[in-house]
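Predicted, not measured: the structure shown is a model, and the values here were computed from it. Only heavy atoms go into these numbers, but all of them, side chains included; no hydrogens, no water, no symmetry mates.
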Amino acid sequence: RRLIYQHHVVKRTRSEESDRFLVSTNGSVMAMVTVFSDRDGKESGSTALPAVFKAPVRYDIVNFVHTNLAKNRRQPYAVSKRAGHQHSAESWGTGRAVARIPRVSGGGTHRSGQGAFGNMCRGGRMFAPTKTWRRWHRRVNVKQRRFAVAAAVAATAYPSFVMARGHAIDAIPEVPLVVANGIEHVTKTREAARILRSVRAYDDVVRSKESRKIRAGKGKMRNRRYVQRKGSEERF
């Protein structure tokens, strides 16, 4: 597969095109990416594209690994063992022209004579009551997990995949966007925002910030009140 390095189509001279590739010691051709300054956002050099970006983008493997690993964070749940069976109910048997479902004994109340225990009865237990010893967790092969990480990282080099996720990358000059090492020493949010603005990557931060909304459903009562779109991710 051909890697897409530039988000915007830019006309380059023959000498500029030759600078986009580097021949390694073993004779293989390595793609180059532009390095942008953390001070003013201008081009400050170039570096070889890491080999992980050449990994095949296998959506099926990424989806399989993510789905199965997400199951390892679940908490076991089950209904009470006594739920739906806390009556002294017994079937009336045959000969009374009623169903043979167990019926609540006694008298003097509307509840007496009503069906009990069955999953079709009001106040009865559910069908196949859930148990805590269900197989909650899933094992995923180590090589599959590593392959999925490599595929996910490689997908970030394709503007089409990044934009399909909803990220605002129209203004950035290149994907992946590489910034000089000075960004590693940033400790203030103000400084980080300045660098993102200088490389024209701040639009995605604004998109994420403005997407904060109250969650639909009961999660808002369970300490998960807000939902928000993911922003850009920085890797050192």
Any salt bridge (Lys or Arg N to Asp or Glu O under 4.0 Å) involving [range]? Give me the pairs, sequence neighbours left out, ordered by first then second residue.
| range | answer |
| --- | --- |
| residues 77-104 | none |
| residues 113-140 | none |
| residues 223-236 | E233-R235 |
| residues 187-197 | E191-R194 |

Open item on the list: Treating S211 as the side-chain partner and Q228 as the backbone partner, does any N or O pair qualify as donor plus acceptor under 3.5 Å?
Closed with: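 No: the side chain of S211 does not pair with the backbone of Q228.
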
TODO: Indicate yes or no for a side-chain donor-acceptor contact from T34 to the backbone of E43 under 3.5 Å, with no hydrogens or angles considered.
DONE: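 No; judged by distance alone, with no hydrogens or angles, the pair does not exist.
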
Task: Stepwise side chain to side chain contact (heavy atoms under 4.5 Å, CB included) test for T156 and V175 - done: CA-CA 7 Å; T156 62; V175 173; 5.8 Å; no

- [ ] Check which hydrophobic residues are tied to W92 through side-chain heavy-atom contacts below 4.5 Å, counting indirect links as well, and list them.
- [x]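 ILVMFWY cluster around W92 also holds V98.
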
What's the spacing between [X] [atom1] and [Y] [atom2] if we round to 0.5 Å?
| X | Y | atom1 | atom2 | answer |
| --- | --- | --- | --- | --- |
| D38 | S198 | CG | OG | 7.5 Å |
| R73 | L69 | CZ | CG | 8.0 Å |
| H167 | D203 | NE2 | CG | 13.5 Å |

- [ ] I would like to know whether K42 and F36 meet side chain to side chain contact (heavy atoms under 4.5 Å, CB included); could you show each step before the answer?
- [x] CA-CA 5 Å; K42 296 181 180 179; F36 295 90; over 6 Å; no

- [ ] Show your reasoning for whether side chain to side chain contact (heavy atoms under 4.5 Å, CB included) applies to W136 and K71.
- [x] CA-CA 7 Å; W136 300 99; K71 294 177 181 178; over 6 Å; no

side-chain contact (heavy atoms from CB on, under 4.5 Å) partners for [X], two or more places apart:
| X | result |
| --- | --- |
| M120 | I101 |
| V104 | H87, R111, A116 |
| A152 | none |

Quick one: closest heavy-atom pair of [X] and [Y], and the distance?
| X | Y | result |
| --- | --- | --- |
| T130 | V79 | OG1-N, 3.1 Å |
| G106 | S112 | O-CB, 3.2 Å |
| V65 | Q144 | CG2-O, 3.7 Å |
| P159 | I169 | O-CD1, 4.0 Å |
| A192 | V186 | N-CG1, 3.7 Å |
| G84 | F117 | O-CD2, 3.3 Å |

With the side chain counted from C-beta on, respond yes when [X] and [Y] share a heavy-atom pair under 4.5 Å apart, and no when they do not.
| X | Y | value |
| --- | --- | --- |
| P76 | W133 | no |
| N119 | M126 | no |
| P173 | R200 | yes |
| Y226 | I214 | yes |

Task: Any residue meeting side-chain hydrogen bond (donor to acceptor under 3.5 Å, both in side chains) with S105, in chain and number order, not counting sequence neighbours - done: S88

Task: By side-chain hydrogen bond (donor to acceptor under 3.5 Å, both in side chains) - contacts of S37 (at least two apart) - done: D40

Shared hydrophobic cluster for [X] and [Y] (ILVMFWY, side-chain gaps under 4.5 Å):
| X | Y | result |
| --- | --- | --- |
| L177 | Y202 | no |
| V62 | V140 | no |
| V178 | L49 | yes |

- [ ] Could you name each residue pair satisfying side chain to side chain donor-acceptor pair (under 3.5 Å) that touches residues 59-68, not counting sequence neighbours?
- [x]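 Listed once each, the pairs are R58-D60.
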
Task: Which residues share a salt bridge (charged side-chain N to carboxylate O under 4.0 Å, His left out) with D204, sequence neighbours left out - done: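 By the salt bridge (charged side-chain N to carboxylate O under 4.0 Å, His left out) rule, D204 matches R207.
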
Open item on the list: How about CZ on R146, more than 12 heavy atoms from neighbouring residues, nucleotides or ligands closer than 6.0 Å, or not?
Closed with: no

TODO: With side chain to side chain contact (heavy atoms under 4.5 Å, CB included) as the test, would you mind laying out the steps for V153 and F53 before giving the verdict?
DONE: CA-CA 6 Å; V153 173; F53 286 99; 4.0 Å; yes

